[in-house]
Amino acid sequence: MKIDRQKETRKKSITVGSLYEATNERFKLRTLNGERGFENLIKDKNLHRPGLALAGYVELFTFDRVQIIGNTEIKYLDSLKPDQRRVAFMSLLEFKMPCIILTNNNMLDQELLNTAAAKGIPMFGTPFETTKIAYFLADFLDDQFALQIVLHGSFVDVYGVGVLLAGRSGIGKSEIALDLVERGHRLVADDVVMATRKGEGIVMGSGTDLVKHFMEIRGLGLIDVRSVFGIRAIRFQKRVEVVVEFEDWNPTHDYTRTGLDEETVHILDVELPLVKLPIFPGKNVTVIAEVIALNYLLKHYGYDPAGEFSKRLQGVIGEKKEGQRVIDYFEHDFE
Amino acid sequence: MVERVIVIKNRTGLHTRPAATLVKTAAAFKSDFYILKDTFEINGKSIIGVMTLAADQGSTLRLKFIGPDEEQAAQAVTELFERGFDEQL
């Protein structure tokens, strides 16, 4: 399976306004100095606490990040005389920061808030502690700046395992996905799968808002899986755990017969198990897809069927018994 | 690989019927066909994919053809866009 790394995309920036829009309810953010500077761009997913910058050390000050002022910074500012406090805060405002968040319901003098507004730096307050808001924000920004790629395939939750069905156009991915849905599994997306990297080592798959749970079946046209099969047949997102690539049967290709050696594929730098499945008319691919999911679960819970069989075989070979029958349980069992 | 850049001419944009015509035309060729709009790239032989673009009149699309008959495929598909899918321009 070939995945073109060049097709990976990543948001370059988000505006402070969109950050506020998306998170003000969850993070209980409120504006402290109006909406000036809502068009400021956030380009970095990391956060910064400007303690040292307030104290005057501005070398290496990562001012282009979201700035978080917590109890420590506020205590420090409170310990200063009013004019010193103004100087300290003004030196911070020399830098074009996207926005400043005050945690723990802390407040600053109205005069300082107004100066920040005049410089186009919006300030927000939140009742959450610094560590909590830092955790929430880092997660949100990590999501916003995550690496994404559009994959061509069908994505189905099979027994709770995210199975991505790939293969050339017209090989029957959608039909197999439909068959899986009919058997009680849940469709995430068909044809256009948005893959997003979450943290390290996780790829999440989802559909696009526009075509959510619509599917094209050749000869039939567009169908809406949610309307036809109901809510149990769909889900919005799922972790991608196994990739199944359908191929036309190729007699010269060396398909695995034991499953001892696992193939893998890299999607957004995450290594995922890859199963190459030759298909031909009359083959029940849906059942095989189910077994692939169950096999993945077995392996996930520590059981490796190919390895287990291999071990059993080695045990028998090692025993070297004389005149051994293949099976030994017929005695008195006439049923 | 053959690349073409086109602008959508028909007033209603790349809605369902033109999308179907486009996919059918592309499917007649062996070559892979991709459409890039902004940073979003989809398989041009998938109707769901083409509709995902939600391309309206005036949108610029970058078309990519890769395969043995890429020249002919590019020719046929570009013509389709030029003719505005035989709809009202």
Side-chain angles (χ1 to χ4, degrees), chain A residues 1-13 145-155 164-175 177-178 187-196 206-226 248, chain B residues 1-5 8 12-57 59-70 72-74 76-77 80:
Chain A
M1 185 176 171
K2 251 185 28 223
I3 290 175
D4 191 353
R5 298 282 323 247
Q6 287 176 350
K7 291 179 186 170
E8 292 177 2
T9 56
R10 187 199 292 275
K11 264 191 216 171
K12 296 270 181 307
S13 63
F145 291 117
L147 213 52
Q148 286 192 314
I149 192 166
V150 180
L151 299 173
H152 179 67
S154 298
F155 187 36
L164 180 71
L165 311 172
R168 66 162 175 83
S169 294
I171 202 159
K173 300 178 293 289
S174 299
E175 286 77 3
L178 187 66
L187 177 77
V188 185
D190 186 57
D191 251 7
V192 179
V193 182
M194 277 308 285
T196 309
S206 64
T208 55
D209 286 334
L210 178 69
V211 292
K212 234 169 220 169
H213 308 116
F214 271 86
M215 191 182 239
E216 188 217 354
I217 299 291
R218 254 151 251 212
L220 196 64
L222 295 167
I223 62 163
D224 180 356
V225 171
R226 184 174 177 168
D248 299 295
Chain B
M1 185 174 75
V2 177
E3 270 196 39
R4 295 284 148 83
V5 176
I8 295 192
T12 44
L14 204 50
H15 65 96
T16 315
R17 282 189 191 286
T21 318
L22 175 63
V23 170
K24 269 189 213 159
T25 309
F29 297 94
K30 278 210 177 75
S31 301
D32 287 333
F33 169 39
Y34 299 100
I35 308 178
L36 183 81
K37 186 186 169 221
D38 307 323
T39 59
F40 199 71
E41 184 174 275
I42 54 91
N43 188 323
K45 291 186 177 181
S46 143
I47 181 122
I48 298 263
V50 173
M51 284 159 70
T52 307
L53 295 173
D56 50 4
Q57 189 181 29
S59 309
T60 308
L61 304 181
R62 187 179 290 273
L63 313 176
K64 270 201 276 186
F65 304 85
I66 308 159
D69 49 5
E70 50 192 29
Q72 295 92 308
V77 170
L80 206 56

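Numbered from 1 within each chain, the chains take letters A, B, ... in sequence-line order.
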### Task
Starting at CG of A/L210, measure out to CD1 of B/I48 and round the result to the nearest 0.5 Å.
9.0 Å

### Query
Can you name the closest pair of heavy atoms from B/K45 and A/R218 and give their distance?
O-NH2, 4.3 Å

### Query
Measuring heavy-atom distances to chain B, does A/M215 have an atom under 4.5 Å in its side chain, in its backbone, in both, or in neither?
backbone

### Query
Checking heavy atoms, do the side chain of A/L222, its backbone, both or neither come under 4.5 Å from chain B?
side chain

### Verdict with supporting geometry, B/M51 and A/F214, side-chain contact (heavy atoms from CB on, under 4.5 Å)
CA-CA 11 Å; B/M51 284 159 70; A/F214 271 86; over 6 Å; no

### Message
Exactly one of A/V150, A/D209, A/D191, A/V192 should register a side-chain contact (heavy atoms from CB on, under 4.5 Å) with B/T52. Which one does?
### Response
A/V192

### Task
Please round to the nearest 0.5 Å and tell me the distance separating atom CD1 of B/I42 and atom NZ of A/K7.
10.0 Å

### Message
What I'd like to find out is whether the side chain of A/Q148 reaches to under 4.5 Å of the side chain of B/F40, using heavy atoms alone.
### Response
no

### Query
Counting heavy atoms not belonging to B/R17, are there more than 12 under 6.0 Å from its CZ?
no

### Query
Hey, is CZ on A/R226 packed in by over 12 heavy atoms from elsewhere, all under 6.0 Å?
no

